[in-house]
2 protein chains.
Amino acid sequence: MSRRSGILEFAVLGLLRESPMHGYELRKRLNTSLGVFRAFSYGTLYPCLKSLVANGWLVEETGSAPEDARAASMAGRRAKIVYRLTAEGKEHFEELLSHTGPDTWEDEHFAARFAFFGQTSRDVRMRVLEGRRSRLEERLEKMRASLARTRERLDDYTLELQRHGMESVEREVRWLNELIESERAGRDKRTGPDQ
Amino acid sequence: MSRRSGILEFAVLGLLRESPMHGYELRKRLNTSLGVFRAFSYGTLYPCLKSLVANGWLVEETGSAPEDARAASMAGRRAKIVYRLTAEGKEHFEELLSHTGPDTWEDEHFAARFAFFGQTSRDVRMRVLEGRRSRLEERLEKMRASLARTRERLDDYTLELQRHGMESVEREVRWLNELIESERAGRDKRTGPDQ
DNA sequence: AATTTCATGTAATTCGTTACATGATTCC
DNA sequence: GGAATCATGTAACGAATTACATGAAATT
């Protein structure tokens, strides 16, 4: 059943929900359109796709015209493989979307979740945003405590590094506060308010 | 020769340069004092220490008093193992400190380098800071280009995520600018200006 | 015609964690 | 004397990369 990175699996299903794609294109969109994800390599992506097919969440479509498939099998050449989300895949993705666990608030998981907020209900969005915020606040607490304990023993560079780190986390908390406020106010960030 | 993470190795040598320590203590300082590093597990740390010993960069000291060693061997109990940097280890660390390569500007590598800036010469500091800045500027360029290409096709959440991501990178560039300016002005961030 | 970009894959390797196993020391 | 924390390690596993291998299509 090979490798399945939770994040990659999630992102692939989410991207394929919008429209079928082949592996190469999928990879580009993971790095650019979704912006957030690090560049997953083909060595990760292709085995993952195979595994999702094995689970019945995707189907492979070898070329749109019947000719393509024929030509491919005849000459032994490989045709583009387009992946399409199955009904089971759609269902599975909905489940992943509505489920929130401890992992959800982690850096990369959170970014992946956020990238598909457009497909999520508002209460899930709130759960994800608030969970992320409290995790960051815990992190801040630890940083502050550790800084208070060790401040004197640290040189200026180390201190500056910690200060900058804390400031970054504080900024993300403020960003989350704005988003949460915005969700609460019902100023939905979806494309259209009605229909 | 087992596992050796470049960053962990570097950080361990750097911490032991200040004073000898045992593994458990070392691990805490990696997570707190240096603040930057993710929590390396014991399963990573201890094998790494053994490998550094095998390289001749560290020596193990089993208890400070001879009694400890005797008691340990008699009862079969393990004593605390304190690791001390050897002359070769010190030399190796200096080499790592002065060497800069493509890896140096990567997120985690950079943080590790910065954490030991106090032990570095100013021109190395400048190389590291300026290298980091230009890598971030490249990243910004790519983000801007990708955003310009795909803006229309993205929903508001994805857009907001990208906007926030870019803003974070821009902030780090400004931070680096200040640091570089500060280095240039000669306002050295070391503890004492003389002696 | 040659080069770049598109496109798919596999094997070996790297980096690191989790779960397990063990025991000493300190605090209450 | 029991719990928490200190302290050291190993084996199995996991996630992802790199290097390799192949070949089609588009561009110059």
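Lettering follows sequence order; numbering is per chain, from 1.
For the OP1/OP2 pair of D:dG9 and a distance below 4.0 Å, the side-chain nitrogens and oxygens of B:Lys50 include at least one atom meeting the criterion. Using a 4.0 Å cut-off, no side-chain N or O of A:Tyr42 falls inside it from OP1 or OP2 of C:dT8.
Each of B:Glu60 and B:Lys28 was matched to the nucleotide of DNA chain D holding its nearest heavy atom; the match closer to the 5' end belongs to B:Lys28. Remark on DNA chain D: of its neighbouring residues B:Gly23 and A:Ser41, the 5'-side contact belongs to B:Gly23, judged by nearest-heavy-atom nucleotide.
Regarding A:Tyr46, its OH atom lies at a distance of 17 Å from the P atom of C:dA11, rounded to whole Å. Rounded to whole Å, atom P of D:dA15 lies 13 Å from atom CD of A:Glu108. Rounded to an integer number of Å, the gap from B:Asp107 CG to C:dC15 C1' is 17 Å. Rounded to an integer number of Å, the gap from NE2 of B:His109 to P of C:dT14 is 15 Å. Between A:Asp103 atom CG and C:dT17 atom P the separation is 15 Å, expressed in whole Å. When rounded to the nearest whole Å, the span between CG of A:Leu45 and P of C:dT10 equals 12 Å. Computed from coordinates, the B:Arg27 CZ to D:dT8 P distance equals 12 Å when rounded to whole Å. Rounded to a whole Å, the NZ atom of A:Lys80 is 9 Å from the P atom of D:dA26.
When distances are taken from the side chain of B:Pro47 to each of D:dT5, D:dT10, C:dG9, the shortest belongs to D:dT10. Taking the side chain of B:Phe40 as heavy atoms from C-beta on, and the options C:dT17, C:dG9, D:dA16, the nearest nucleotide is C:dT17. Of the candidate nucleotides D:dA7, C:dA7, C:dT17, D:dA7 has the atom lying nearest to any side-chain atom of B:Tyr24.
Counted within 6.0 Å of CD on A:Glu170, heavy atoms from surrounding residues, nucleotides or ligands total more than 12; the atom is thus considered enclosed. Heavy atoms of other residues, nucleotides or ligands lying less than 6.0 angstrom from CZ of B:Arg171 number more than 12.
A:Arg133 places no side-chain N or O within donor-acceptor distance of the main-chain N or O of A:Asn177, the cut-off being under 3.5 Å.
Counting heavy atoms from C-beta on, the side chains of A:Phe114 and A:Leu129 come closer than 4.5 Å. Within the 4.5 Å cutoff, the side chain of B:Thr158 has no heavy atoms near those of the B:Thr150 side chain.
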